[in-house]
Amino acid sequence: MSPAPVNIVLSFEDARRVIEEQAALVQASGSECVDLLAADGRVLFEPVVADRHLPPFPRSTRDGYAVCSADLSQVPATLEVIGEIRAGEKLDKIPLNIARGQAASIMTGAPVAAAADAVVMVEYSSLHGRQVEINRSVVTGENIVACGAEARAGSRLLDRGVRLNAAALALATSVGKSTLQVYKRPRVAVLTTGDEIVDVDATPGPTQIRNSNSYSLATQVRRAGGEAVLLPVAPDELIELRRLIEEGLKLDLLLMTGGVSMGRYDLVEQVLSEMHAEFFFTGAKIQPGRPVVFGRAAGSGGERPETYFFGLPGNPVSTMVTFELFARPMLEALGGQAPHQLTFLHARLKSEIRMKTGLKRFLPAFVSGEFDKAEVELVAWQGSGDIAATARANCYIVIPADRECILAGEWVAVMKSDS
Ligand code: AMP
Ligand code: MG
């Protein structure tokens, strides 16, 4: 007799906690070296350390005059200009001994002469031959970033687990890293199930549906830092479904879609139970995506450590939402990324929403307007199978499980749908 499928339905928060706990346990696999320009979106393996102080010299942040601030305690004051300091100026060309009553003309990004303790902006000066009249006083250190104030030589600038973006790559470049050691991308099996599903190039029969989930998932996997491997569509039939699940369990993570609801031909949980999988949950109190399944199983050979799997509901919007909420953090952990929270923003609700309580909802919506003018509105949809509505949306409005009514004008949390 095969073990009966379990039934573990968690609140959204508990399901997220389970994901966090499991994500903290995973081992990311291996690293590789990539060029700086190919490193966007990759996850740092080897921390980046400052090879010298940043800035490496006291840097002027303005075009103006390097001065002794004490000379400007009374303004206007007239100073003698003894030289010019350009950005990139060689050290032996910098007028070092600016005496009291003297100034050096200086450019943004140039090293400030040691004897000067402030830079006054050119806007507050007028030059007459070698004499400059300054009509604004400055405090010590004004318009100068001290040597090493941004980072000390030898200090850690970027930690292991950071996902590289433009700012992180700029920082790595500033300390001379032309290549970076990053985690390998986790390989993610994507397995769609369903007798009615045909692939994009096939001509669907009148009751057949084209497989869109494998392609939305492949995109989400790539954006989350993984490499998607698309398996053939599995029929709603035990033997072939099991064969393909075993294939998928050979990779770093298995994502399945469809076959996890209550229908007679929803066989994914049955197959996994027969394989003695461990289930962490088989449902979450959310909409869309309630029947989402998360667990861990070994392939038939048992030669490989247990692989995490998700059974994502087949309705296309459910698949996308449950990937973002649950599968993405596991994939990121497998890719070495440090844990982080879901990214969201707030916007004012345009029209009132009424809901039944009990489920936390992530409903396709459209956010417009910038900053404090951000407004959001549900898109009209036919439920979680409506891909056309989702394609018109650019976010999900997040509705807490205990809210029956949200009034127009209230600020609501919004999760971006394409990040
Ligand atoms: P299921 O979760 O298997 O009950 O499927 C729920 C709904 O999603 C059904 O209407 C399926 O036809 C549809 N569906 C399942 N898998 C896919 C897929 N890969 N692409 C598009 N629609 C799908
Ligand atoms: Mg199905």
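For ligands, and for the atoms within them, numbers begin at 1 and follow the listed sequence. Just so it is clear, the structure is predicted and the values come from calculations on it, not from any experiment.
Within the listing of ligand 1, atoms 1 (P), 2 (O), 3 (O) sit less than 4.0 angstrom from a heavy atom of G258. For ligand 1, the atoms sitting less than 4.0 Å from at least one non-hydrogen atom of R210 are 20 (N), 21 (C), numbered in the order shown with element in parentheses.
Aromatic rings from F344 and Y396 are positioned such that their centres are separated by 6.0 Å or more. Here F326 and F281 bring their ring centres to under 6.0 angstrom of each other.
Cation-pi contact between R160 and F45: present, with separation from the ring centre below 6.0 Å and deviation from the ring axis of at most 45°.
With respect to E306 and R296, a salt bridge is recorded, a charged nitrogen being found less than 4.0 Å from a carboxylate O. Ionic pairing of K177 and E46 is present here: one or more N-O contacts between side-chain nitrogen and carboxylate oxygen are shorter than 4.0 angstrom.
Side-chain atoms of T257 and L217, non-hydrogen and from C-beta on, do get closer than 4.5 Å to each other.
With a 4.0 Å heavy-atom cut-off, ligand 1 is reached by the side chain of T192 but not by its N, CA, C or O. Under 4.0 Å from ligand 1, the heavy atoms of I197 that appear belong solely to its side chain. Contacts between E196 and ligand 1 below 4.0 angstrom, taking non-hydrogen atoms only, involve the side chain exclusively.
Within the 4.0 Å heavy-atom cutoff, S212 counts among the residues contacting ligand 1.
The nearest heavy-atom contact from the protein to atom 7 (C) of ligand 1 is N315 OD1, 3.3 Å. Ranking protein heavy atoms by distance to atom 17 (C) of ligand 1, first place goes to N213 ND2, 3.1 Å. In this structure, the protein non-hydrogen atom closest to atom 19 (N) of ligand 1 is N211 OD1, 2.9 Å.
Rounding to the nearest 0.5 angstrom, the gap separating the OH atom in Y183 from the CG atom in L334 is 11.5 Å.
Between V376 and C395 the shortest heavy-atom distance is CG2-SG, 3.8 Å.
For atom 2 (O) of ligand 1, the choice among P291, G383, S384, G314 with the nearest heavy atom turns out to be G314.
At under 3.5 Å, a nitrogen or oxygen of G259, whether backbone or side chain, sits near a nitrogen or oxygen of ligand 1. Residue I209 has no N or O atom closer than 3.5 Å to an N or O atom of ligand 1.
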